[in-house]
Each structure stands twice: as structure tokens, then as C-alpha cells.
Student: 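Mind having a look at this structure? Questions to follow.
Each residue takes its place number in the sequence, starting with 1.
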Amino acid sequence: MQRAIVGFHQDELGDWVAELVCLHGQHVRHRPPFTLRPWAATPEGRASRIGAELECPRCDRFELPEQAAPYRRTAIFDERTVPAALLRDHRTKPSVWGVIHVVAGQLRYIVEPPLTAEHVLDEAHPGIVVPEVLHRVEPLGAVRFYVEFHGAAGAGPQAPHAA
């Protein structure tokens, strides 16, 4: 899925890495003739790409960024107390990831386009919530679960859901 560039840094080898709004990083090397990114070679070129979008294959794979740190979690819900908002399509804000932890039972986790997927979550299989992607849950009988929110380490609490 497409993600906006919010900054750049160099890796340990001196190659430029685009920092994406989703908290993932992506190398942006200029290596002609196979990779043509002359803009990556200059400060002006990189600055001109802030806000531009790159494909993020890690979001497509539901990979929680390494630098994402937990900062808040919900109460434990069951099939009777799950908030109505979680049962209908909703999304988190940019840079806000979620991890759905099932304590007992099973929960269907439905993800809408652009990452269309459906997973049955249980104690051994948590669900990863990708920022800004529509999703919902559906209890499969008796279930107990909570959601843990993750963001940029040191960023402090953020409001997890967008309208």
C-alpha cells in the first residue's frame, strides 16, 4: 500500500532510507540503470519528496515496525461488552498500529481494501492492525480480548481512532 514519506536517514552503510508515515523505512537508492532515483542523491532532491508516496510492502504483510512501542491498551472485552465501534468498519490514525490479543476463545478480524484479509484470532494468533486501514472484529462465540496500541517510541499517547 502507498505510504507518505515523512523524512530520511542514512543506514549504517550510508545508503538513504525514506521514513514512512507508517513507521517503516524503505531504501531509496539511485543505482542506474535498474533503480532510477536521482533525487535520492541530493538534500534538495530528498526534501522535494517529503509527502510523496512509496509502496510499503511491510504494511502489505501486516508487519509491526520494530520501533513501534506500546503506549496504551483497552480493557478486556468479551462478546457482550465489545464496543459497537469495533464491530463496524473503523481505522486508526496515521502511525498508530494495533495488536489484537485474544485471551480466550476466537475472534474474526476482517480487513477491508486495500489490504483485504480475514483472520481468525486466538491466544496463539494475535491480529496486527495497520494504520489507516478499515477493519472490524466479530466474536466467534465466547471470547475475551483487548487491543494494544503502538506508536513511535517516545511519542507519547495519541488518540488511536480516526473518525
Student: For Cys59 versus Met1, what's the shortest heavy-atom pair and its separation?
Tutor: CB-CG, 4.0 Å
Student: Any ion pair linking Asp15 and Arg31 (charged N to carboxylate O, less than 4.0 Å)?
Tutor: yes
Student: Any idea how His101 and Tyr146 line up, ring-wise: parallel (<30°), tilted (30 to 60°), or perpendicular (>60°)?
Tutor: parallel
Student: Any sub-3.5 Å donor-acceptor pair from Trp97's side-chain atoms to Cys22's backbone N or O?
Tutor: yes
Student: Regarding Arg108 and Glu138, does a basic nitrogen lie under 4.0 Å from an acidic carboxylate oxygen?
Tutor: yes
Student: Could you measure the distance from the OG1 atom of Thr81 to the CG atom of Leu86? Nearest 0.5 Å is fine.
Tutor: 10.0 Å
Student: Can you tell me if Glu132 uses its side chain to pair, donor with acceptor, with the backbone of Pro94 under 3.5 Å?
Tutor: no
Student: How long is the span from the CZ atom in Arg58 to the CZ atom in Arg3, to the nearest 0.5 Å?
Tutor: 13.5 Å
Student: Keeping His9 on the side-chain end and Gly7 on the backbone end, is there a donor-acceptor pair under 3.5 Å?
Tutor: no
Student: Would a hydrophobic clustering, with Ile, Leu, Val, Met, Phe, Trp and Tyr connected at side-chain separations under 4.5 Å, put Ile100 with Leu115?
Tutor: yes
Student: Mind checking whether Val137 and Phe77 have side chains closer than 4.5 Å, heavy atoms only?
Tutor: no
Student: The test is side-chain contact (heavy atoms from CB on, under 4.5 Å); show your working for Leu87 and Val82 and say whether it passes.
Tutor: CA-CA 8 Å; Leu87 299 172; Val82 59; 3.9 Å; yes
Student: Would you kindly confirm whether Val133 and Ile128 end up in one hydrophobic cluster when ILVMFWY residues are joined by side chain heavy atoms under 4.5 Å apart?
Tutor: yes
Student: Starting from Phe62, can I reach Leu20 by hopping between I/L/V/M/F/W/Y residues whose side chains sit under 4.5 Å apart?
Tutor: no
Student: Among Ile5, Leu54, Thr35, Val17, whose side chain to side chain contact (heavy atoms under 4.5 Å, CB included) with Val28 holds?
Tutor: Leu54
Student: Mark yes when over 12 heavy atoms from residues, nucleotides or ligands other than Arg46 sit less than 6.0 Å from its CZ; otherwise mark no.
Tutor: yes
Student: Could you state whether Val21 and Phe8 fall into the same hydrophobic cluster, counting links through intermediate Ile, Leu, Val, Met, Phe, Trp or Tyr residues with side-chain heavy atoms under 4.5 angstrom apart?
Tutor: no
Student: Search all heavy atoms of Gly45 against all heavy atoms of Thr42 and return the closest pair with its distance.
Tutor: N-OG1, 2.9 Å
Student: Does the distance from a Lys or Arg side-chain N to an Asp or Glu carboxylate O, for Glu112 and Arg136, drop under 4.0 Å?
Tutor: yes
Student: Please determine whether residues Leu64 and Tyr71 belong to a single hydrophobic cluster, defined as Ile, Leu, Val, Met, Phe, Trp and Tyr linked transitively by side-chain heavy-atom distances below 4.5 Å.
Tutor: yes
Student: List for me each residue that meets salt bridge (charged side-chain N to carboxylate O under 4.0 Å, His left out) alongside Asp122, sequence neighbours excluded, and say none if there are none.
Tutor: none
Student: Decide if atom CD of Glu66 counts as having more than 12 heavy atoms of other residues, nucleotides or ligands within a radius under 6.0 Å.
Tutor: no
Student: Where do Val120 and Leu140 land on the side-chain contact (heavy atoms from CB on, under 4.5 Å) test, with the steps shown first?
Tutor: CA-CA 9 Å; Val120 174; Leu140 298 175; 3.9 Å; yes
Student: Quick one about Gln26 and His24 (side-chain donor to acceptor, distance below 3.5 Å, no hydrogens or angles considered), yes or no?
Tutor: no
Student: Check the surroundings of atom NE2 in His125: do more than 12 heavy atoms from other residues, nucleotides or ligands lie under 6.0 Å from it?
Tutor: no
Student: Is it true that a side-chain atom of Tyr109 and a backbone atom of Pro126 form a donor plus acceptor pair closer than 3.5 Å?
Tutor: no
Student: Please give me the minimum heavy-atom distance between Glu55 and Pro57, naming the atom from each residue.
Tutor: O-CD, 3.3 Å
Student: Quick one: does Pro131's side chain get under 4.5 Å of Val96's, heavy atoms only?
Tutor: no
Student: Answer with yes or no whether the side chains of His135 and Asp89 bring together a donor and an acceptor at under 3.5 Å.
Tutor: no
Student: Determine the minimum heavy-atom distance between Glu79 and Gly141, stating which atoms define it.
Tutor: CB-O, 3.5 Å
Student: Determine the minimum heavy-atom distance between Phe145 and Val102, stating which atoms define it.
Tutor: CB-CA, 3.9 Å
Student: Quick one: CD on Glu19 to CD on Gln67, what's the gap to the nearest 0.5 Å?
Tutor: 8.5 Å
Student: Where do Ala104 and Glu123 come nearest, in terms of heavy atoms and distance?
Tutor: CA-OE2, 3.9 Å
Student: Is there a side-chain contact between Val129 and Phe149 (heavy atoms, below 4.5 Å)?
Tutor: no
Student: If I take atom CG from residue Leu134 and atom CZ from residue Arg88, how far apart are they, to the nearest 0.5 angstrom?
Tutor: 12.0 Å
